[in-house]
Student: 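Handing you this structure, nothing more for now.
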Amino acid sequence: MNWFVRGALFTGIFAALIVATAVSVPGAAGAQDPQSDGLANSEAPPGEEPAPEPLSTIFPHSETSRLWLSGQMNFIEQWHGNFHSPYQGPLSLNSQREDALSRVLTLASGFELTSYAEVLFQVESAGGAGISRGLGVAGYPNLDVIRNPTLGSAPYIGRAMLHFAIPLSDERIRATRNPLSIFRELPARRLELRIGKMGIVDFFDVNSAGNDSHLQFLNLTVDNNGAYDYAADTRGYTVGAMLEFEDRSWGVRFAEALMPRQANGIDLQWNLSRARAENIEFELRKSVVPSKTGVVRLLTYINHANMGDYRAAIQQFESGQTSRPDATNHPLQKTIKYGFGINAEQGISDWLTAFGRFGWDEGRHESFAYTEVNQAVTFGAVLPGKKWRRGLDRAGIAFSSNALSGDHRRYLALGGQGFILGDGRLNYGGEKIFETFYTVHLWRGVFGAFDLQHINNPGYNRDRGPVLVPAFRLHLDL
């Protein structure tokens, strides 16, 4: 099925759902917004019930049960047309027109053992494909794509962890239940401990405005700090322990996690003397705009793993030891890669939230787990649909700029290959990515979206592109 037919099919599905919603739910557009009836900030008239909150899941979830069960489905249809490319290599973005459909399905469960102890377990399946098999662009346009098509779509354990909260104060605050924590309330001041299989970016580098490929942006370096080479296998998960201190206005978290045995590998190295990762983040919840929310997060990480050295690979090539630079051509070793990140979000008004990230890593050692970026700058804004009486709709716009270190760019220019990039040669230029999206709430937990990305210098190569990448997304929260 070509990209035009798939695009028409997705458009037809969205249109049908919108029509069905309008026919079956009186006043559906107004029902999106809790304030649309003008009574959200005042008491209901005598004898009348307050207006209900709109459902954002297909099935309601209990606020009192000790057992949690939920799920999600995310389908992304993405394509691009022909673009300028005088040459391409084995890891290039294909310059010919192509399309791909990806899907991620998750079944999440949890059980509250005590008021402050719970077990969380999630099964996931990732299938379909991404354009060019997930290769050729550091700021790849679909975060959901698994960059190893040989893994198939068989279900696997995504997250499995124990979570404990240790009270440090008598004051209690209400907690929002979700697949990562089903506690109903938490101490205002507390320690939290998580042990098991997890996604590091479930807890580090989080940003409410730009962090979610299900309802927000799709690009890797918009949803996460591109220079944060966080510990993960090729599916995005690791095994580790995280300790977190939380107070009302600030928090700090630390995680020790396993690294993969090889770049973008599925197998983790369980010997901590050979490979591991330390992650530390400080979070300050303080606004610079009166009566609005604001957050700043400062991140640092250190990875220890069997990583190659770009400079050493170049020296081997220039001395005639290899036919091209090869960062994997080395004996088993433990090298160190470190980096930093700044992450901020700020409410500007009731209908606008701005966000931004800056990331940097040392750039001499091999990109190993997330993507091939040594410096990343991202900024953007999101708008909820309240302004136009569509309370669960949202729109966003973002710009991302990615860069490489001198060693990394020379390695690629001489014909070296990473786990994502390799055009065979390189006329270096930073990747510049513009992305915009609109997500429409169709019914309960059903959301449709249109996304558009413009990518300049894909793979940091001025000789190739630019590329325009549209997408349709269908998301279901069960």
Side-chain angles (χ1 to χ4, degrees), residues 57 59 61-62 65-74 103-127 143-144 146-148 151-166 175-184 186 190-206 211-214 224 230-244 246 253-261 264-272 275-279 281 301 303 305 369-370 477-478:
T57 58
F59 305 108
H61 298 292
S62 171
S65 174
R66 297 173 66 184
L67 178 66
W68 173 275
L69 191 65
S70 66
Q72 71 81 33
M73 302 179 180
N74 208 46
R103 63 168 176 80
V104 176
L105 316 177
T106 309
L107 178 63
S109 62
F111 186 75
E112 197 172 358
L113 303 173
T114 70
S115 297
Y116 297 127
E118 61 186 2
V119 58
L120 305 168
F121 185 83
Q122 297 182 17
V123 176
E124 193 168 85
S125 170
L143 180 62
D144 280 8
I146 304 298
R147 298 184 298 263
N148 186 343
L151 292 177
S153 59
Y156 54 88
I157 297 172
R159 301 169 179 88
M161 73 184 88
L162 291 171
H163 179 205
F164 305 94
I166 304 169
T176 301
R177 307 186 92 193
N178 63 75
L180 296 176
S181 179
I182 61 173
F183 292 142
R184 287 158 283 184
L186 287 165
R190 64 191 181 275
L191 287 175
E192 293 189 45
L193 175 64
R194 294 177 184 263
I195 303 172
K197 189 173 185 183
M198 64 185 74
I200 288 292
V201 289
D202 288 336
F203 312 106
F204 290 80
D205 192 43
V206 174
N211 212 131
D212 181 11
S213 63
H214 296 170
N224 293 308
Y230 63 90
D233 62 20
T234 190
R235 289 184 174 125
Y237 299 107
T238 185
V239 174
M242 187 182 85
L243 182 64
E244 182 173 15
E246 285 292 342
R253 56 193 64 93
F254 170 82
E256 186 84 23
L258 302 185
M259 290 288 290
R261 290 179 178 271
N264 195 41
I266 189 62
D267 296 322
L268 298 173
Q269 173 59 264
W270 289 80
N271 187 336
L272 293 180
R276 64 186 187 277
E278 289 90 30
N279 305 264
E281 186 175 55
Y301 73 96
N303 292 342
Y370 187 53
D477 277 321
L478 306 179

Student: Find the distance between OG (Ser181) and CG (Leu120) and round it off to the nearest 0.5 Å.
Tutor: 7.0 Å
Student: Between the main-chain N or O of Gln72 and the side-chain N or O of Thr106, is there a donor-acceptor pair closer than 3.5 Å?
Tutor: no
Student: Looking at CD1 of Ile266 and CG of Leu151, how far apart are the two atoms once the value is rounded to the nearest 0.5 Å?
Tutor: 5.0 Å
Student: When rounded to the nearest 0.5 angstrom, what distance separates OH in Tyr116 from CG in Leu186?
Tutor: 7.0 Å
Student: Go through Glu246 and Arg190 one step at a time and tell me if the side-chain contact (heavy atoms from CB on, under 4.5 Å) criterion holds.
Tutor: CA-CA 5 Å; Glu246 285 292 342; Arg190 64 191 181 275; 3.7 Å; yes
Student: Just so I know, are the side chains of Leu105 and Val123 near enough to count as touching, which here means a heavy-atom distance under 4.5 Å?
Tutor: no
Student: Could you tell me whether Phe254 atom CZ has more than 12 heavy atoms of other residues or ligands within 6.0 Å of it?
Tutor: yes
Student: If you compare all heavy atoms of Met198 against all heavy atoms of Arg194, which two are closest, and at what distance to 0.1 Å?
Tutor: CE-O, 4.0 Å
Student: Only pairs under 3.5 Å count here: list side-chain donor-acceptor contacts from residues 157-166, not counting sequence neighbours, and write none if there are none.
Tutor:
unit_1 : atom_1 : unit_2 : atom_2 : d
Arg159 : NE     : Asp202 : OD2    : 2.6
Arg159 : NH1    : Gln122 : OE1    : 2.7
Arg159 : NH1    : Tyr237 : OH     : 3.4
Arg159 : NH2    : Asp202 : OD1    : 3.2
Arg159 : NH2    : Asp202 : OD2    : 3.3
His163 : ND1    : Glu118 : OE2    : 2.6
His163 : NE2    : Glu192 : OE1    : 2.6

Student: Under a 3.5 Å distance rule, please check whether Arg66 uses its side chain to pair with a backbone N or O of Thr114 as donor and acceptor.
Tutor: no
Student: Which distance, rounded to the nearest 0.5 Å, do you find between the CG of Asp267 and the CG of Leu258?
Tutor: 12.0 Å
Student: Could you grab the distance from atom CH2 of Trp68 to atom CZ of Arg177, nearest 0.5 Å is fine?
Tutor: 6.5 Å
Student: As an exercise, state the distance from CZ of Arg253 to CD of Glu281, rounded to the nearest 0.5 Å.
Tutor: 5.0 Å
Student: Run the salt bridge (charged side-chain N to carboxylate O under 4.0 Å, His left out) test against Asp205 and tell me which residues pass, sequence neighbours left out.
Tutor: Arg357
Student: Quick one: closest heavy-atom pair of Thr234 and Asn264, and the distance?
Tutor: OG1-OD1, 2.9 Å
Student: Ignoring hydrogens, what is the shortest heavy-atom contact between Ala277 and Ala231? Give both atom names and the distance.
Tutor: CB-CB, 3.7 Å
Student: Taking only residues two or more places apart in sequence or in another chain, which ones pass salt bridge (charged side-chain N to carboxylate O under 4.0 Å, His left out) with Arg184?
Tutor: Glu112
Student: Identify the two heavy atoms, one from Thr238 and one from Ala232, that lie closest to each other, and give their separation to 0.1 Å.
Tutor: CB-CA, 4.3 Å
Student: Quick one: side chain to side chain donor-acceptor pair (under 3.5 Å) partners of Asn178, sequence neighbours excluded?
Tutor: none
Student: When you compare the side chain of Leu143 with that of Asn224, does any pair of heavy atoms fall below 4.5 Å?
Tutor: yes
Student: Could I get the full list of side chain to side chain donor-acceptor pair (under 3.5 Å) partners for Ser62, not counting sequence neighbours?
Tutor: Thr64
Student: Of all heavy-atom pairs between Phe111 and Ile182, which one has the smallest distance, and what is that distance?
Tutor: N-CD1, 3.7 Å
Student: Taking only residues two or more places apart in sequence, or in another chain, which ones meet Tyr301 in a ring pair (Phe, Tyr, Trp, His ring centres under 6.0 Å)?
Tutor: Tyr228
Student: Is the shortest heavy-atom distance from the side chain of Leu478 to the side chain of Thr57 under 4.5 Å?
Tutor: no
Student: Return the minimal non-hydrogen interatomic distance between Ile146 and Arg235, and the atom names on each side.
Tutor: CD1-CA, 3.8 Å
Student: Donor-acceptor pair, distance only, cut-off 3.5 Å: does the side chain of Ser125 make one with the backbone of Ser153?
Tutor: yes
